[in-house]
2 protein chains.
Amino acid sequence: MCKSTDPKRALFAELAAVARALGHEHRVELLEHLAQGERSVEALARLTGLSMANASQHLQQLRRAGLLEARRDGKFVLYRLADDGVVQLMSVLRQTAERNVASVGALLARYFDGRDGLEPVGRADLVDRAQAGLVTVIDVRPREEFDLGHVPGAVSVPLEELDARLAEFDPATEIVAYCRGAYCLLAVEAVARLRARGFSARRMEDGMPEWRAAGLPVAAG
Amino acid sequence: MCKSTDPKRALFAELAAVARALGHEHRVELLEHLAQGERSVEALARLTGLSMANASQHLQQLRRAGLLEARRDGKFVLYRLADDGVVQLMSVLRQTAERNVASVGALLARYFDGRDGLEPVGRADLVDRAQAGLVTVIDVRPREEFDLGHVPGAVSVPLEELDARLAEFDPATEIVAYCRGAYCLLAVEAVARLRARGFSARRMEDGMPEWRAAGLPVAAG
DNA sequence: ACATCATTCAAGCGATAACTTGAACGTATA
DNA sequence: TATACGTTCAAGTTATCGCTTGAATGATGT
């Protein structure tokens with residue numbers, strides 16, 4: 001066997017500590033929000049419905065595990081992912097759960113295949129087709145998140161504004177919607193509404209975090 | 001925001017449950033062993049030094065999380081990874097820890113860079129060079145693990161036997177050693193010893209689990 | 001049928017994690 | 001300087017986890 005068993009044990013303990021940081025519902029949700037860009041404790045507490053003290057504690061736990069970093073800006077403390085690899089870790093976690101946990105597969109099938117129906121668009125495809133003007137790309141996240149970074153050429157159409165802004169879209173041009181991630185429901189909802197109005201709409205396969213992690217260009221402001 | 005917050009919460013809870021299954025030192029160690037192939041509870045308890053009841057409980061926890069499957073063979077219950085994707089998950093976990101946790105980086109630097117020194121060999125490289133007879137590939141894991149599957153053309157040389165079998169090797173041919181995984185110490189130790197005897201030796205970048213997960217050919221028996 | 005062995009179940013104890021509350025700390029604004 | 005606000009700290013309660021012990025289950029061999 002391995003001669004020195006100590007360093008291996010130490011390594012296992014460290015890996016388990018990182019995994020344990022991902023082992024709570026609220027922390028997964030916090031990471032999902034932070035995958036969009038850095039956020040203040042107050043914003044995260046509001047988005048998740050946690051108390052500030054509670055959110056702060058979870059964030060510190062994630063920071064201790066090396067998954068987050070924090071910086072101070074005025075009276076706010078802004079947290080952000082320590083590394084784009086964290087997105088990859090969460091992505092692999094989702095894939096594993098989707099394959100091996102029946103309830104997750106069922107959950108996703110019910111809320112995606114059922115409501116979406118059509119095959120989503122791949123990332124590589126999208127860049128070419130957007131530049132050629134063949135598709136209209138809309139970002140249905142809140143404008144705040146759009147401003148922090150979005151797909152080049154995308155138009156910000158928060159889901160709340162969608163119904164009121166239908167006149168902007170050319171019914172002859174296909175619309176591709178994206179939001180936060182593979183399993184965010186914003187784009188699904190947007191596609192469903194657009195189709196109900198007679199538009200040709202599809203959902204982008206992944207969301208902004210995966211886009212960013214893939215090293216594709218990001219526009220800001 | 002997302003209209004239906006319930007399914008998202010449920011998804012987060014499921015993901016957290018999977019992560020929590022990885023959140024214990026002993027379970028990470030069990031998975032590391034199971035990445036070699038299926039094992040009985042008794043074998044795992046012996047390998048890890050856990051009591052049988054304790055090992056059984058951890059294994060059941062991993063199974064409930066969807067990471068393991070079990071089958072009965074005579075009086076033994078054999079556990080195995082539910083999916084090769086589990087190896088990927090653990091691999092990404094290690095990469096994340098290595099990048100973002102200082103102590104892991106230090107741990108690995110101390111035990112790999114310090115003792116190994118030379119750049120490890122990539123998998124793609126190895127297949128070609130082994131077939132061309134340019135390198136001798138040795139599997140330094142216990143023979144039991146070798147029998148369950150190994151790199152085609154590799155010779156089983158458990159670390160315990162290495163010193164006694166040095167005469168088998170041609171000093172003019174480079175030796176590549178591999179073991180269980182990127183961070184298993186068996187191959188590192190083997191390379192150190194071979195170099196001390198004047199051989200040209202290198203370590204394969206990954207181990208058997210990664211090899212298997214990459215879909216490369218595996219020889220058995 | 002009986003004994004044997006591998007595994008699992010169930011109960012109990014100690015340790016750790018999650019959440020709430022209230023106070024302390026730091027920074028900006030009046 | 002004083003006040004307000006975002007954030008963190010500290011203490012306390014409840015719930016859950018990890019491990020041990022001893023008994024129950026399931027398959028095998030005599």
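Just so it is clear: chains get the letters A, B, ... in the order the sequence lines come, proteins before strands, and each one is counted from 1. All figures in this text were calculated on a predicted structure; none of them were measured in a lab. Values reported hereafter were calculated over all heavy atoms of this structure, with side chains retained and with hydrogens, waters and symmetry mates removed.
A:Arg72 pairs by the side-chain hydrogen bond (donor to acceptor under 3.5 Å, both in side chains) definition with nothing, not counting sequence neighbours. Residues passing the side-chain hydrogen bond (donor to acceptor under 3.5 Å, both in side chains) test with A:Arg80 are A:Glu69, sequence neighbours excluded. With sequence neighbours excluded, the residues that form a salt bridge (Lys or Arg N to Asp or Glu O under 4.0 Å) with B:Glu161 are B:Arg143, B:Arg165. Partners of A:Arg46 according to the side-chain hydrogen bond (donor to acceptor under 3.5 Å, both in side chains) rule, which considers only residues two or more places apart in sequence or in another chain, are A:Glu42. Residues passing the side-chain hydrogen bond (donor to acceptor under 3.5 Å, both in side chains) test with B:Arg99 are A:Asp83, sequence neighbours excluded.
Near DNA chain C, defined here as any heavy-atom distance below 4.0 Å, the residues from residues 48-67 of chain B are B:Met52, B:Ala53, B:Ser56, B:Gln57, B:Gln60, listed numerically. Of all the residues in residues 71-83 of chain B, B:Arg72, B:Gly74 reach under 4.0 Å from DNA chain D with at least one non-hydrogen atom.
Taking 4.0 Å as the cutoff to heavy atoms of chain A, we find the contact window on DNA chain C bounded by C:dA18 to C:dA28.
Pairs passing the salt bridge (Lys or Arg N to Asp or Glu O under 4.0 Å) check and including a residue from residues 150-159 of chain A, sequence neighbours excluded, do not occur. Annotation: ring pair (Phe, Tyr, Trp, His ring centres under 6.0 Å) contacts involving residues 34-59 of chain B, sequence neighbours excluded, comprise B:His24-B:His58, B:His26-B:His58. Under the salt bridge (Lys or Arg N to Asp or Glu O under 4.0 Å) criterion, no residue pair touches residues 212-221 of chain B, with sequence neighbours excluded. For residues 139-162 of chain B, every residue pair satisfying the ring pair (Phe, Tyr, Trp, His ring centres under 6.0 Å) rule, not counting sequence neighbours, is listed here: B:Phe146-B:His150.
Using a 4.0 Å heavy-atom cutoff across all strands shown, A:Arg20 reaches no nucleic acid atom at all.
At whole-Å resolution of the value, CG in A:Leu44 and C1' in D:dG6 are 13 Å apart. Look at CD on A:Glu38: it is 18 Å from P on D:dG6, rounded to the nearest Å.
Between A:Lys8 and B:Glu189, none of the side-chain N atoms (NZ, or NE/NH1/NH2) sits under 4.0 Å from a carboxylate O, so this pair counts as no salt bridge.
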